[in-house]
Number of protein chains: 2
Amino acid sequence: MNKINLETSINHHIAISAIMIKRVFYKILSNHDLKITPEQWVLLNYISESNGYTIGELSGLSVKDFANTSRMIQKLDIAGFITKKADPADKRISKLYLSKEGKDLIEQLHQCAFESTNIAIEGIDKEIQEIVLHTLKKVISNTNNYLK
Amino acid sequence: MNKINLETSINHHIAISAIMIKRVFYKILSNHDLKITPEQWVLLNYISESNGYTIGELSGLSVKDFANTSRMIQKLDIAGFITKKADPADKRISKLYLSKEGKDLIEQLHQCAFESTNIAIEGIDKEIQEIVLHTLKKVISNTNNYLK
DNA sequence: TTTATATATTTGTCATGACAAACAAATAGA
DNA sequence: TCTATTTGTTTGTCATGACAAATATATAAA
């Protein structure tokens with residue numbers, strides 16, 4: 001039998017790393033008294049980088065389920081960090097923008113993301129970081145191809 | 001400002017990889033008609049490796065929240081894959097064992113885990129895999145130290 | 001134009017993750 | 001022994017992930 005050993009499984013360690021990184025990010029956000037989640041931060045970050053993304057576009061960019069993205073956007077909207085502008089040409093869609101509060105928030109979020117990244121990669125050579133990043137992109141592409 | 005670029009962020013790519021790997025695992029489990037989740041598989045795997053873990057021990061091993069581990073164990077118990085044996089010396093704890101059904105299941109799960117691992121790491125050199133594994137362990141240790 | 005299909009989004013449900021609170025049993029201290 | 005604290009576990013709540021179904025609008029086909 002092909003028995004998996006979790007202790008030497010890259011898949012498993014990616015999963016654990018992801019959980020731990022998210023916990024650190026949560027902690028840092030909490031330390032900064034920011035009422036936002038790591039997942040919401042990803043969406044806000046994409047919205048801040050371009051004007052007028054739709055929920056569908058954000059869902060694709062952030063690799064999140066369409067339905068869940070829709071709900072997260074609702075929360076960001078209710079919290080007042082984004083504004084939705086209905087598209088006159090297509091009544092199904094809205095385009096998303098950062099509000100003033102969202103713009104203020106995103107500045108602080110970049111700082112939090114910076115802190116959590118530094119904690120995670122502390123003591124890891126730049127060269128190694130490049131190798132790992134490249135390998136993770138390969139993993140993402142492998143899994144993406146399988147799921148297509 | 002220290003602006004994070006998600007496209008070159010190791011943290012972000014670890015998160016995305018974890019999501020994609022889980023999707024592949026879900027898909028494979030579904031293909032095999034196995035009514036179990038990737039998270040439950042991790043718990044079952046630990047239970048299969050040693051006799052009589054408690055929920056607390058499993059929670060630590062699997063890096064999962066105690067409360068969530070407790071609920072997942074309830075589900076595995078209800079589904080009939082494990083059995084709980086009350087400890088006569090300490091009435092607070094139960095020790096967990098695989099049932100006959102659980103033992104049958106774990107064989108198939110190893111095969112699924114093997115498949116999903118192969119899909120994820122296809123085309124990645126053994127050497128690189130070692131580097132990535134080692135780096136992920138460093139990330140886990142870094143984040144763990146921060147959260148302590 | 002009318003109907004069928006495709007697209008964008010929302011809603012519902014169940015499993016899991018984080019976190020706080022409740023509980024019961026075990027253990028330490030007065 | 002009795003009380004306080006610790007330990008192991010369970011329950012409650014909210015956010016997210018997966019997935020199915022519903023809804024509304026757009027577009028293509030007849």
Side-chain angles (χ1 to χ4, degrees), chain A residues 15-31 34-44 52-60 62-79 84-96 143 147, chain B residues 15-31 34-44 52-60 62-79 84-96 143 147:
Chain A
I16 301 296
S17 301
I19 288 174
M20 296 300 288
I21 286 169
K22 194 176 291 185
R23 286 182 188 171
V24 168
F25 202 175
Y26 262 114
K27 179 81 172 175
I28 291 174
L29 289 170
S30 164
N31 289 347
L34 298 176
K35 299 270 183 345
I36 197 166
T37 67
E39 323 302 334
Q40 292 172 0
W41 137 252
V42 171
L43 293 184
L44 274 187
Y53 277 133
T54 65
I55 292 179
E57 287 167 340
L58 277 178
S59 164
S62 63
V63 194
K64 289 180 190 310
D65 183 89
F66 204 120
N68 298 324
T69 305
S70 174
R71 269 179 286 238
M72 289 165 68
I73 290 297
Q74 285 173 25
K75 283 174 195 155
L76 288 171
D77 191 15
I78 291 168
K84 287 173 137 178
K85 287 189 188 165
D87 185 332
D90 187 337
K91 291 180 184 173
R92 293 171 303 180
I93 62 179
S94 291
K95 296 189 171 182
L96 306 171
T143 48
L147 292 172
Chain B
I16 302 297
S17 301
I19 288 174
M20 296 299 290
I21 286 169
K22 197 178 287 185
R23 286 183 188 170
V24 167
F25 202 176
Y26 262 114
K27 178 83 173 175
I28 291 173
L29 289 170
S30 163
N31 289 346
L34 297 176
K35 299 267 182 345
I36 196 166
T37 67
E39 325 301 335
Q40 291 172 1
W41 137 251
V42 172
L43 293 183
L44 273 187
Y53 277 133
T54 64
I55 291 178
E57 287 167 339
L58 277 178
S59 166
S62 63
V63 194
K64 289 179 191 310
D65 183 89
F66 204 121
N68 299 323
T69 305
S70 174
R71 271 179 283 240
M72 289 166 67
I73 289 298
Q74 284 173 24
K75 283 174 194 156
L76 288 171
D77 191 16
I78 290 168
K84 287 172 135 177
K85 287 188 188 166
D87 186 332
D90 187 337
K91 290 180 184 172
R92 292 172 303 179
I93 63 178
S94 290
K95 296 189 168 180
L96 306 171
T143 48
L147 293 172

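Reckoned from all heavy atoms, side chains included, excluding hydrogens, waters and symmetry mates. Letters go in sequence order (proteins before strands), and every chain restarts at 1.
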Between [N] atom [atom2] and [X] atom [atom1], what is the distance in whole Å?
X        : N      : atom1 : atom2 : value
A:Met72  : C:dT10 : CE    : C1'   : 16 Å
B:Ile21  : D:dA18 : CD1   : P     : 13 Å
A:Leu76  : C:dT9  : CG    : P     : 15 Å
A:Ile19  : C:dA18 : CD1   : P     : 6 Å
A:Phe25  : D:dT16 : CZ    : C1'   : 15 Å
A:Asp87  : C:dA8  : CG    : P     : 12 Å
B:Leu147 : C:dA18 : CG    : P     : 10 Å

If you compare all heavy atoms of [X] against all heavy atoms of [Y], which two are closest, and at what distance to 0.1 Å?
X       : Y       : value
B:Phe66 : B:Ile55 : CE2-CG2, 3.8 Å
A:Leu43 : A:Ser62 : CD2-OG, 3.6 Å
A:Leu29 : A:Thr37 : CD1-C, 4.0 Å
A:Ala18 : B:Ala18 : CB-CB, 3.5 Å
B:Pro38 : B:Lys22 : CG-CG, 3.9 Å
B:Ser59 : B:Lys64 : OG-O, 2.7 Å

For A:Val63, all residues meeting side chain to side chain contact (heavy atoms under 4.5 Å, CB included), sequence neighbours excluded:
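Side chain to side chain contact (heavy atoms under 4.5 Å, CB included) check on A:Val63 returns B:Ile16, B:Met20, B:Arg23.
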Is it the case that atom NZ in B:Lys27 sees more than 12 heavy atoms from other parts of the structure closer than 6.0 Å?
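No - once you tally the heavy atoms of other residues, nucleotides and ligands closer than 6.0 Å, there are 12 at most.
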Just the atom pairs and distances: protein N or O near nucleotides 8-12 of chain D's N or O, under 3.5 Å.
unit_1: D:dT9; atom_1: OP2; unit_2: B:Gly56; atom_2: N; d: 2.8
unit_1: D:dT10; atom_1: OP1; unit_2: B:Lys84; atom_2: NZ; d: 3.4
unit_1: D:dT10; atom_1: OP2; unit_2: B:Ser70; atom_2: OG; d: 2.6
unit_1: D:dT11; atom_1: OP2; unit_2: B:Gln74; atom_2: NE2; d: 3.1
unit_1: D:dG12; atom_1: N7; unit_2: B:Arg71; atom_2: NH1; d: 2.9
unit_1: D:dG12; atom_1: O6; unit_2: B:Arg71; atom_2: NH2; d: 2.5

So B:Ala18, base contact, sugar-phosphate only, or nothing? Heavy-atom distance under 4.0 Å.
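Nothing, no heavy atom under 4.0 Å.
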When we call it a touch if two heavy atoms are under 4.0 Å apart, what does A:Lys64 touch: a base, just sugar-phosphate, or nothing?
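Sugar-phosphate, backbone atoms only, no base.
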C:dT16 OP1/OP2 closer than 4.0 Å to side-chain N/O of B:Lys75
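Yes, B:Lys75 has a side-chain N/O under 4.0 Å of OP1/OP2 on C:dT16.
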With a cut-off of less than 4.0 Å, is there a side-chain N or O of B:Arg23 near OP1 or OP2 of D:dG17?
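No, because none of the side-chain N or O atoms of B:Arg23 sits under 4.0 Å from OP1 or OP2 of D:dG17.
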Hey, are the side chains of A:Leu96 and A:Glu57 touching, using non-hydrogen atoms and a 4.5 Å cut-off?
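A side-chain contact under 4.5 Å is absent here.
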In terms of the nearest nucleotide of DNA chain C, which residue is placed more toward the 5' end: B:Lys91 or B:Lys22?
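First, find each residue's nearest nucleotide; the 5'-ward one identifies B:Lys22.
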Residues within residues 35-44 of chain A bordering DNA chain C, heavy-atom distance below 4.0 Å
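Per residue number, the list is empty: none.
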